[in-house]
Structure formats: C-alpha cells, structure tokens
Amino acid sequence: MSFTQDDVKKLAYLARLAVDHSIVEDLDKILHFVGKISDIDTKNVIPMQHAGDNIQRCRPDEVTEPNVRELMQSLVPEDATAAGLYLVPKVVE
C-alpha cells in the first residue's frame with residue numbers, strides 16, 4: 001500500500017492537520033517498513049508479559065495514613081456535608 005498526494009490531503013483535512021507535500025514520501029517509507037514487519041513469521045514466538053526479567057516490584061497494599069475524614073468534615077460548615085460527603089454547587093446542567 002502506498003499513499004498518493006490526494007490521500008494525504010484527505011487525511012490531513014480529516015485530522016485537521018497542516019501537512020507539507022513532502023510527507024507523502026515519509027508515509028510511504030513508514031508503510032513499507034510496517035509491511036516488512038508484517039512479513040516476519042511469529043507463529044512460534046511465545047507472547048511476553050515483560051521485556052526481560054525485570055518485573056516491577058510493587059509495595060504491599062497497606063494502610064499507611066490514619067482516617068481523618070471526621071476531622072476534615074468538622075472543619076467545614078455543617079450545611080456543606082451530608083452522609084459523610086461534601087456538598088458542592090451543581091456545575092453541569
């Protein structure tokens with residue numbers, strides 16, 4: 001597959017991009033490269049979750065902060081909270 005000048009103009013219009021006419025050559029090179037990658041036989045390649053052995057270590061999911069919701073809600077006016085939630089003005093009609 002290759003791009004024509006008209007294809008690039010149409011894509012640029014749809015994407016609302018200003019492109020130079022020389023981009024056609026660059027797009028052709030990219031498509032040619034992708035085509036070469038598509039020709040590679042990957043039937044016997046096992047999919048990987050991680051590239052290499054460096055699996056990201058995650059810290060344990062533990063509570064590290066005290067629950068201060070009651071304290072925070074005691075600092076705002078009474079009519080600004082209800083059922084443990086903060087009441088805010090409606091912003092979407």
Side-chain angles (χ1 to χ4, degrees):
M1 176 181 192
S2 63
F3 279 107
T4 65
Q5 188 71 30
D6 291 335
D7 293 334
V8 173
K9 284 181 183 177
K10 184 176 179 180
L11 287 172
Y13 173 76
L14 292 173
R16 305 296 192 258
L17 296 174
V19 294
D20 191 276
H21 70 282
S22 65
I23 198 164
V24 174
E25 296 172 12
D26 294 336
L27 288 173
D28 278 337
K29 290 177 186 176
I30 292 169
L31 285 176
H32 180 69
F33 181 71
V34 170
K36 288 170 79 175
I37 291 174
S38 298
D39 293 339
I40 297 172
D41 180 21
T42 58
K43 290 178 185 168
N44 297 324
V45 176
I46 300 170
M48 301 183 333
Q49 290 181 333
H50 303 283
D53 292 332
N54 52 346
I55 297 172
Q56 184 177 3
R57 305 282 186 240
C58 297
R59 65 175 172 78
D61 189 15
E62 297 174 351
V63 176
T64 59
E65 300 289 326
N67 184 355
V68 292
R69 185 177 82 174
E70 297 297 327
L71 172 64
M72 292 294 121
Q73 291 202 342
S74 70
L75 301 175
V76 298
E78 273 188 42
D79 59 342
T81 62
L85 304 173
Y86 294 98
L87 304 177
V88 296
K90 188 175 183 179
V91 293
V92 178
E93 302 271 342

Peer 1: Determine, using the 4.5 Å side-chain heavy-atom cutoff (strictly less than), whether Leu14 and Val8 are members of one ILVMFWY cluster.
Peer 2: no

Peer 1: State the CG-CZ distance between Leu85 and Arg69, to the nearest 0.5 angstrom.
Peer 2: 7.5 Å

Peer 1: Any link between Leu11 and Leu17 through a network of hydrophobic side chains (Ile, Leu, Val, Met, Phe, Trp, Tyr) touching at under 4.5 Å?
Peer 2: yes

Peer 1: Do Val68 and Tyr86 belong to the same hydrophobic cluster, where Ile, Leu, Val, Met, Phe, Trp and Tyr are linked whenever their side-chain heavy atoms lie under 4.5 Å apart, directly or via other members?
Peer 2: yes

Peer 1: Taking Leu31 as the starting point, is it possible to reach Ile23 by hopping between hydrophobic residues whose side chains are less than 4.5 Å apart?
Peer 2: yes

Peer 1: Counting only heavy atoms from other residues, nucleotides and ligands, does the tally under 6.0 Å from CZ of Phe33 exceed 12?
Peer 2: no

Peer 1: How close do Val76 and Thr81 get, heavy atom to heavy atom, and via which atoms?
Peer 2: CG2-CG2, 3.5 Å

Peer 1: Measuring from atom CG of Leu75 to atom CD of Glu70, what distance do you get when rounded to the nearest 0.5 angstrom?
Peer 2: 11.5 Å

